[in-house]
Visitor: 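One structure follows; several queries about it will come next.
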Amino acid sequence: GVKGVTLTNYNVALGDARMQDGDAAIQLVGCDNNIVMHCGLSYVKTWGILAESCKQSTIIYNTITKCLRQSGINAIVNSTGEGTIIAHNNISECGLYAIEMETKVLSKGKHLIHDNIISDCQVGIACVEKNFDTLVHDNIITDCYQAFLVVNTNKTATKAERLKIYNNT
């Protein structure tokens, strides 16, 4: 796992137009059962934490601020796995979403997003594409343009289903 990282002013130059992969503060690819905790991340070009093709990510007790173009946390990119936990994070001032659960492959679900404090982002929590069986509860979302976003852009395949969103303020 990753623990106790502090990263400030990482990769801020916005002038070039290269791909965004590799521009996250912490990027995990194909790392199952990973833990990212107690990290402070700020002034990042894209994502604070990006977990791609990972199963059972645990992302807890992090402070993420000023992700300029993307999301604070994007946790199930291209993952068929289950059991991702995103909890007790403080996320603010992200250009897109504070927490993003997006996958184009069918996620097995049983994901849990709870007790996060989110502010000043375009969207607080987004469940996009084939997100499945996700509980979203007891999060505090303030000063965001939109608190929750659920999108299914592929109408011919299994879509975001069985999302339970409750007790959020």
Side-chain angles (χ1 to χ4, degrees), residues 1-28 34-52 54 57-79 84-103 107 111-129 131 134-153 160 163-169:
V2 179
K3 183 176 179 181
V5 171
T6 299
L7 187 58
T8 302
N9 291 329
Y10 171 76
N11 207 4
V12 174
L14 297 175
D16 59 76
R18 63 193 174 104
M19 292 294 292
Q20 294 181 2
D21 285 348
D23 291 340
I26 296 174
Q27 182 171 0
L28 307 167
N34 65 75
I35 299 171
V36 180
M37 62 188 291
H38 297 295
C39 297
L41 310 170
S42 62
Y43 292 98
V44 178
K45 186 192 291 184
T46 58
W47 300 272
I49 300 168
L50 177 63
E52 185 172 356
C54 299
S57 297
T58 299
I59 302 171
I60 55 174
Y61 299 107
N62 299 289
T63 300
I64 302 167
T65 185
K66 294 182 174 42
C67 296
L68 303 177
R69 291 187 178 170
Q70 288 288 347
S71 305
I73 298 170
N74 192 349
I76 61 167
V77 179
N78 298 323
S79 174
T84 292
I85 298 170
I86 302 172
H88 304 287
N89 298 288
N90 288 308
I91 306 168
S92 64
E93 299 181 67
C94 294
L96 192 54
Y97 314 125
I99 297 173
E100 178 177 4
M101 300 291 277
E102 177 179 7
T103 182
S107 167
H111 306 300
L112 179 58
I113 303 170
H114 70 90
D115 292 296
N116 298 284
I117 299 172
I118 297 168
S119 68
D120 299 298
C121 299
Q122 183 71 15
V123 175
I125 299 172
C127 296
V128 181
E129 298 268 0
N131 191 325
T134 298
L135 299 177
V136 181
H137 66 86
D138 295 304
N139 298 283
I140 298 171
I141 302 172
T142 58
D143 297 322
C144 294
Y145 181 75
Q146 186 174 5
F148 299 98
L149 174 66
V150 177
V151 177
N152 172 31
T153 57
L163 304 177
K164 295 177 182 74
I165 300 173
Y166 59 93
N167 289 347
N168 297 281
T169 57

Visitor: Against Ser92, only a single residue in Thr65, Thr142, Asp143, Thr63 fulfils side chain to side chain donor-acceptor pair (under 3.5 Å); can you say which?
Guide: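 Filter result, single survivor: Thr65.
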Visitor: Considering all heavy atoms of both residues, which atom of Val128 and which atom of Tyr97 are nearest to each other, and what is their separation?
Guide: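 Heavy atoms of Val128 and Tyr97 come nearest at CG2-OH, 4.4 Å.
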Visitor: In Å, rounded to the nearest 0.5 Å, how long is the span from SG of Cys127 to CD1 of Ile113?
Guide: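 Result: 5.0 Å between the selected atoms.
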Visitor: Please report the interatomic distance CD(Gln122) to CG(Leu96), rounded to the nearest 0.5 Å.
Guide: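 Reported to 0.5 Å precision, the distance equals 7.5 Å.
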Visitor: Are Cys94 and Ser71 side-chain neighbours, meaning at least one heavy-atom pair lies under 4.5 Å?
Guide: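 Of all side-chain heavy-atom pairs linking Ser71 with Cys94, none is under 4.5 Å.
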Visitor: So, taking the atom named NE2 in His137 and the one named CG in Asn116, what distance separates them when rounded to the nearest 0.5 Å?
Guide: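 That separation rounds to 10.0 Å.
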Visitor: I need the minimum non-hydrogen distance between Cys67 and Thr46, along with the two atoms involved.
Guide: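 Closest heavy-atom pair between Cys67 and Thr46: CB-O, 3.2 Å.
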Visitor: To the nearest 0.5 Å, tell me how far Thr84 OG1 sits from Ile99 CD1.
Guide: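 Result: 12.0 Å between the selected atoms.
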Visitor: I want to check something: taking the side chain as every heavy atom from C-beta on, are Met101 and Ile86 in contact at a cut-off of under 4.5 Å?
Guide: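 Yes, at least one pair of side-chain atoms sits under 4.5 Å.
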Visitor: Starting at CD1 of Ile59, measure out to CD1 of Ile64 and round the result to the nearest 0.5 Å.
Guide: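 One finds 7.5 Å between CD1 of Ile59 and CD1 of Ile64.
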Visitor: Taking side chain to side chain donor-acceptor pair (under 3.5 Å) as the definition, give me every residue that meets it alongside Asn168, ordered by chain and number, with sequence neighbours left out.
Guide: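 Here the qualifying residues are Asn139.
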Visitor: Determine the minimum heavy-atom distance between Asn78 and Glu52, stating which atoms define it.
Guide: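 That closest heavy-atom pairing would be ND2-OE2, 3.4 Å.
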Visitor: Show me the pairs that pass salt bridge (charged side-chain N to carboxylate O under 4.0 Å, His left out) and involve residues 87-97, at least two apart or across chains.
Guide: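 Every pair satisfying salt bridge (charged side-chain N to carboxylate O under 4.0 Å, His left out) with a residue in residues 87-97: Lys66-Glu93.
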Visitor: How close do Trp47 and Leu50 get, heavy atom to heavy atom, and via which atoms?
Guide: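 So the two residues come closest at CE3-CD2, 3.7 Å.
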Visitor: Please verify the inter-ring angle class for His38 with Tyr61; under 30° counts as parallel, over 60° as perpendicular, anything in between as tilted.
Guide: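 Judged by the thresholds at 30° and 60°, the geometry between His38 and Tyr61 is parallel.
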Visitor: Closest heavy-atom contact between Leu28 and Cys54?
Guide: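 Between these two residues, the closest heavy atoms are O-SG, 3.6 Å.
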Visitor: Taking Asn62 for its side chain and Leu41 for its backbone only, find out whether a donor-acceptor pair lies under 3.5 Å.
Guide: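 Side chain of Asn62 to backbone of Leu41, a donor-acceptor pair under 3.5 Å: no, none is there.
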Visitor: Say you draw a straight line from OH of Tyr166 to CG of Leu135; how long is it, rounded to the nearest 0.5 Å?
Guide: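 Reported to 0.5 Å precision, the distance equals 5.0 Å.
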Visitor: Give the minimum heavy-atom separation between Gly72 and Ile91, together with the two atoms involved.
Guide: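 Where Gly72 meets Ile91 most closely, the heavy atoms are CA-CG2, 4.2 Å.
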